[in-house]
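Positions are given from 1, in the same order as the sequence printed here.
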Amino acid sequence: MTLLAIPGLAVWDGIVDLFNTVMTPLYWAVSALLVGWHWLLGQVLDPNGGWAWALSIAGLTIVIRTILIPLFVKQIRSSRNMQLLQPKMKELQKKYGHDREKLGQEMMKLYKETGTNPFSSCLPLLLQSPIFLALFRVLDYAAKGQWHSEIMKPYVNSLQHAKIFGAEISQTFLKASGAGSGNVKVVAIVLIILMTATMFTTQLQLMRKNMPKEALTGQAAQMQKIMLYVFPIFFLIGGFNFPIGVLIYWFVSNLWTMGQQFYVIRRNPAPGTPAYDAMQERKRHHNVRHGKPADEGVPGTTDTDTATETDRRPAQRQQPKRQSRSDRRGGSGSTGTSGSNASDNGQTAASASQDAPQGQETTPKKTQAGGAKRQPAGKKGSGAKRQPAAKSAAQKKAAQKRSGGSR
């Protein structure tokens, strides 16, 4: 932060002033929360002791993480959607692997349709960064006997000399000085290791327990590996320049994240993951102990969800049949008439074949053939189409009379 005080650079000074102006509300908010927790804990602990200030920083962390719970829930949902989208992502990669521009467009379209944000896993960390920076500046100023807000002014001297395990919480590993510099370095190293280990363990827990095998490959897997290795290394290196109080903040924040994630993974794991299989097994053991069927109420063992999803699908639209030119010219009325004529002819032929002797079987056939030949004549008018129907009725009566006479 000493680079922000480079003399002789008017432009840089303007940037610094703008930065401080933007960060001033956060300085006041962090100072207010810190002082509030310190006043509360000062009722039972030494107000000038290091533990009162260390626990105040922990209380500040809890408040910040509680505010970020809705964002954490959104992160979990987005991560789950990313896992479930992996089969579709692989299909897009096979289809558009040769065209990166088209592949990117299709992926963005898929993200938009499913409401998935591939960068949501980084949002809690990114939104905490301004809080972390504000706390860093407040503690850094307190180590110099300075303050950013009037709220912090009466407590600067107490915060500057507060110690835990003999280390002042306003000092850093690289800038440790005075009689307790050795204690500062020891406490800083321990907190750096704990901070890095909890961050690594949290991400490893997510990858091993709550991610299907399909999600361990592709773009999502690369993002997860960055979260697993790059961030812990970044904080491991940067931790040597963090004040003890900031290291306490990140350690408590990582503990909160690890516990919150453990609860979510155990209670609501993503399907197709080891955590999901473990939840099913726990449910089966619970049913067996209480004398119930092993699979009763076990998610993923029935086809209810599948049937529901199938029933929700719209019925397939039937394509219209192609009509001939004569049908299109004749219209719907001619179509209905020709259909009735055909049915009458069929009925006449059927009755004639049943009632007439063998020698008279040719008459209905001729009638039917004649009716079939005269059907196209219906193009000239509807009356021409009704003529075969009338003849067929007369033919039917004549056939009945002849059959009665022969009997």
Side-chain angles (χ1 to χ4, degrees), residues 1-5 15-43 45 47-72 122-164 167-172 175 187-188 191-192 195 198-199 234-235 238-239 241-257 260:
M1 290 301 171
T2 57
L3 293 176
L4 297 179
I15 295 176
V16 172
D17 293 339
L18 178 62
F19 175 79
N20 289 330
T21 301
V22 173
M23 292 293 295
T24 296
L26 282 178
Y27 294 148
W28 280 79
V30 169
S31 299
L33 288 172
L34 203 59
V35 169
W37 277 102
H38 180 262
W39 175 86
L40 183 63
L41 294 169
Q43 306 300 316
L45 299 173
N48 295 320
W51 285 107
W53 284 107
L55 293 177
S56 298
I57 294 173
L60 168 67
T61 309
I62 292 173
V63 172
I64 299 300
R65 293 310 307 267
T66 303
I67 295 174
L68 293 177
I69 284 179
L71 186 62
F72 178 81
C122 305
L123 286 179
L125 183 62
L126 294 177
L127 290 183
Q128 282 187 89
S129 298
I131 306 297
F132 149 75
L133 186 57
L135 180 61
F136 179 92
R137 296 284 286 174
V138 167
L139 293 174
D140 187 55
Y141 266 49
K144 302 172 185 177
Q146 301 174 359
W147 58 88
H148 276 286
S149 63
E150 294 296 325
I151 298 175
M152 201 68 201
K153 183 177 179 180
Y155 302 93
V156 168
N157 186 61
S158 175
L159 179 59
Q160 181 181 10
H161 300 290
K163 296 181 179 180
I164 57 170
E168 293 183 356
I169 63 176
S170 61
Q171 292 196 17
T172 67
K175 297 180 181 180
V187 174
L191 286 174
I192 289 172
M195 176 187 67
T198 50
M199 182 177 290
F234 170 77
F235 281 96
N241 199 39
F242 294 164
I244 299 294
V246 174
L247 294 177
I248 293 173
Y249 171 85
W250 276 116
F251 173 57
V252 176
S253 179
N254 291 343
L255 283 178
W256 177 285
T257 303
Q260 192 176 38

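- The shortest heavy-atom contact between Thr61 and Tyr249 is OG1-CD1, 3.0 Å.
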Please test Ile164 against Ile248 for side-chain contact (heavy atoms from CB on, under 4.5 Å), starting from the C-alpha separation and ending with a verdict. CA-CA 11 Å; Ile164 57 170; Ile248 293 173; 3.8 Å; yes

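- Remark: Ala188 pairs with Phe173, Ile244, Leu247 by the side-chain contact (heavy atoms from CB on, under 4.5 Å) rule, at least two apart or across chains.
- Of all heavy-atom pairs between Ala58 and Val252, the closest is CB-CG2, 4.1 Å.
- Annotation for Pro47 and Gly42: closest pair CG-O, 4.0 Å, computed over non-hydrogen atoms.
- Scored by the side-chain hydrogen bond (donor to acceptor under 3.5 Å, both in side chains) test, Asn157 finds no partners at all (sequence neighbours excluded).
- Atom-to-atom distance recorded for Leu135:CG and Trp250:CH2 is 10.5 Å, nearest 0.5 angstrom.
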Assess the residue pair Arg65 and Thr257 against the criterion (side-chain contact (heavy atoms from CB on, under 4.5 Å)); give the C-alpha distance rounded to whole Å, side-chain angles, the decisive distance to 0.1 Å, and a yes or no. CA-CA 8 Å; Arg65 293 310 307 267; Thr257 303; 2.5 Å; yes

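- Annotation for Gln171 and Glu168: closest pair NE2-OE1, 2.9 Å, computed over non-hydrogen atoms.
- Scanning both residues, His38 and Ala52, for their nearest heavy atoms gives CD2-CB, 4.2 Å.
- Residues satisfying the ring pair (Phe, Tyr, Trp, His ring centres under 6.0 Å) test with Phe242, not counting sequence neighbours, are Phe132.
- Note: Leu255 CG to Ile62 CD1 = 10.5 Å, rounded to the nearest 0.5 Å.
- A donor-acceptor contact shorter than 3.5 Å links the side chain of Ser170 to the backbone of Gln160.
- Between Ala162 and Gly49, the shortest heavy-atom distance links the atoms CB-O, 4.0 Å.
- Considering only residues two or more places apart in sequence or on other chains, Ser158 meets the side-chain hydrogen bond (donor to acceptor under 3.5 Å, both in side chains) condition with Asn48, Trp53.
- Trp28 pairs by the ring pair (Phe, Tyr, Trp, His ring centres under 6.0 Å) definition with nothing, not counting sequence neighbours.
- The side-chain contact (heavy atoms from CB on, under 4.5 Å) search around Ala134 returns Met23, Leu26, Tyr27, Val30, not counting sequence neighbours.
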Under the criterion side-chain contact (heavy atoms from CB on, under 4.5 Å), I'd like the reasoning laid out for Gln146 against Asp140: C-alpha separation, chi angles, the key distance, then a yes or no. CA-CA 8 Å; Gln146 301 174 359; Asp140 187 55; over 6 Å; no

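- Once rounded to the nearest 0.5 Å, the distance linking CD1 of Ile67 with CD1 of Ile131 reads 7.5 Å.
- The structure places CG of Leu60 at 10.0 Å from OG of Ser253, a figure rounded to the nearest 0.5 Å.
- Ile69 pairs by the side-chain contact (heavy atoms from CB on, under 4.5 Å) definition with Thr66, Val73, Trp256, Gln260, not counting sequence neighbours.
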Which atom pairs, donor and acceptor, lie under 3.5 Å between side-chain atoms of residues 147-156 and protein residues at least two apart or in another chain?
unit_1	atom_1	unit_2	atom_2	d
Ser149	OG	Ser31	OG	3.2

